Amino acid sequence: MGKMSDEQLKNVLQKRNHYQEKAVEAAVREAINRGLIHSEEDLMAPEFRTKPLKTKLFPKIENEEVRKKIRKSMARGLLIAGILPLILGVVKLNTGYRSEGLFVLSFGLVWMGIASSLIRQMLPNAIKILFVLTAVAVAYTGRLLFLQPVIEFMDVFIITVLFLLILYGLTFLWRLY
């Protein structure tokens, strides 16, 4: 708490219901030492009223270090999603569909390369490219489903959920930027 700025310390006091008791006690002691408050009773002032955390689809991340960790985590998830086209590409190559297999394999490698670049640093153009690649993947997957003689509900459901998760991750990354 001693390393925090006055504004950061006030923010902790305003959100004290969301911290562990020992952290709140340390924040109160530090605020008293700095003269931000005179006693714990000053926490009843409107300035220090506890602010409720708002639940949002895309929460605002205030701490830069946390933003960086979330970006890396989301990018790792997108990197893992690139394994699916790699597997499909290998399967297509093994079943005799050479050109389609190479296309899907290349797609997966490009996807994983761009996702890994997002792990290292925030690149808005990389996010835009992944949005375009997602649209290509949706079109290709829709074509594959359309060519199936029988379409099962679970096939459509799982594919839809996976694409929605990818779109959520990309949108979250875009909003972090």
Side-chain angles (χ1 to χ4, degrees), residues 3-5 8 11-12 15 17-20 22-23 51-177:
K3 294 179 183 177
M4 289 185 166
S5 69
Q8 290 173 322
N11 190 24
V12 169
K15 296 179 180 176
N17 288 351
H18 308 290
Y19 286 87
Q20 293 180 4
K22 291 187 182 217
K51 292 183 178 177
L53 289 179
K54 297 177 182 167
T55 305
K56 295 181 178 178
L57 188 58
F58 301 103
K60 182 181 178 203
I61 311 299
E62 298 170 3
N63 184 316
E64 189 59 37
E65 189 62 30
V66 173
R67 290 168 63 91
K68 187 177 176 181
K69 288 180 181 180
I70 289 174
R71 174 185 48 84
K72 287 181 176 185
S73 178
M74 294 292 238
R76 277 191 299 271
L78 292 170
L79 180 70
I80 291 169
I83 293 172
L84 293 173
L86 289 180
I87 293 169
L88 181 61
V90 170
V91 168
K92 290 285 186 183
L93 285 172
N94 287 336
T95 56
Y97 297 101
R98 185 178 168 97
S99 59
E100 187 176 355
L102 286 174
F103 169 76
V104 175
L105 193 62
S106 301
F107 178 92
L109 290 172
V110 168
W111 179 279
M112 292 179 79
I114 294 170
S116 66
S117 72
L118 281 172
I119 293 173
R120 290 187 297 275
Q121 68 184 49
M122 177 62 86
L123 301 168
N125 287 336
I127 298 170
K128 290 177 187 176
I129 292 169
L130 287 177
F131 270 118
V132 170
L133 290 177
T134 301
V136 171
V138 166
Y140 178 76
T141 307
R143 180 183 153 269
L144 285 180
L145 276 175
F146 183 72
L147 294 175
Q148 295 297 317
V150 176
I151 299 174
E152 297 290 330
F153 170 76
M154 284 309 291
D155 293 340
V156 175
F157 178 76
I158 290 171
I159 291 169
T160 302
V161 168
L162 286 174
F163 277 119
L164 287 175
L165 286 171
I166 289 170
L167 287 173
Y168 176 81
L170 289 173
T171 306
F172 199 151
L173 283 172
W174 183 255
R175 292 187 60 120
L176 279 178
Y177 172 69

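Model, not experiment: these values are computed from the prediction.
- Judged as a salt bridge (Lys or Arg N to Asp or Glu O under 4.0 Å), not a single pair has a partner in residues 68-78 (not counting sequence neighbours).
- Qualifying side chain to side chain contact (heavy atoms under 4.5 Å, CB included) partners for A135, counting only residues two or more places apart in sequence or in other chains: none.
- Among residues at least two apart or in separate chains, side-chain hydrogen bond (donor to acceptor under 3.5 Å, both in side chains) pairs with a member in residues 128-140 are E100-Y140.
- In this structure V132 satisfies the side chain to side chain contact (heavy atoms under 4.5 Å, CB included) test with no other residue, sequence neighbours excluded.
- Taking Q121 as the reference, L123 meet the side chain to side chain contact (heavy atoms under 4.5 Å, CB included) condition, with sequence neighbours excluded.
- Every side chain to side chain contact (heavy atoms under 4.5 Å, CB included) that S5 has, sequence neighbours left out, goes to E7, Q8.
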Do any side-chain atoms of residues 150-177 form donor-acceptor pairs under 3.5 angstrom with protein atoms, and if so which ones, sequence neighbours left out?
{"unit_1": "T160", "atom_1": "OG1", "unit_2": "V156", "atom_2": "O", "d": "2.7"}
{"unit_1": "Y168", "atom_1": "OH", "unit_2": "L57", "atom_2": "O", "d": "2.7"}
{"unit_1": "T171", "atom_1": "OG1", "unit_2": "L167", "atom_2": "O", "d": "2.7"}

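- Atoms CG and CE, on L118 and M74 in that order, are 11.5 Å from each other to the nearest 0.5 Å.
- The distance from the OG atom of S117 to the CG atom of L130 is 7.5 Å, given to the nearest 0.5 Å.
- Side-chain N or O atoms of S73 include none that pairs as donor or acceptor with a backbone N or O of I70 at under 3.5 Å.
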All N/O donor-acceptor pairs, side-chain side in residues 101-113, below 3.5 Å, sequence neighbours left out:
{"unit_1": "S106", "atom_1": "OG", "unit_2": "L102", "atom_2": "O", "d": "2.7"}
{"unit_1": "W111", "atom_1": "NE1", "unit_2": "L78", "atom_2": "O", "d": "2.7"}

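- In the displayed structure, Q148 atom CD is contacted under 6.0 Å by more than 12 heavy atoms of other residues, nucleotides or ligands.
- Interatomic distance, L88 CG to I83 CD1, rounded to the nearest 0.5 Å: 14.0 Å.
- Around OH of Y97, the count of heavy atoms belonging to other residues, nucleotides or ligands within 6.0 Å does not exceed 12.
- The salt bridge (charged side-chain N to carboxylate O under 4.0 Å, His left out) search around R67 returns E64, not counting sequence neighbours.
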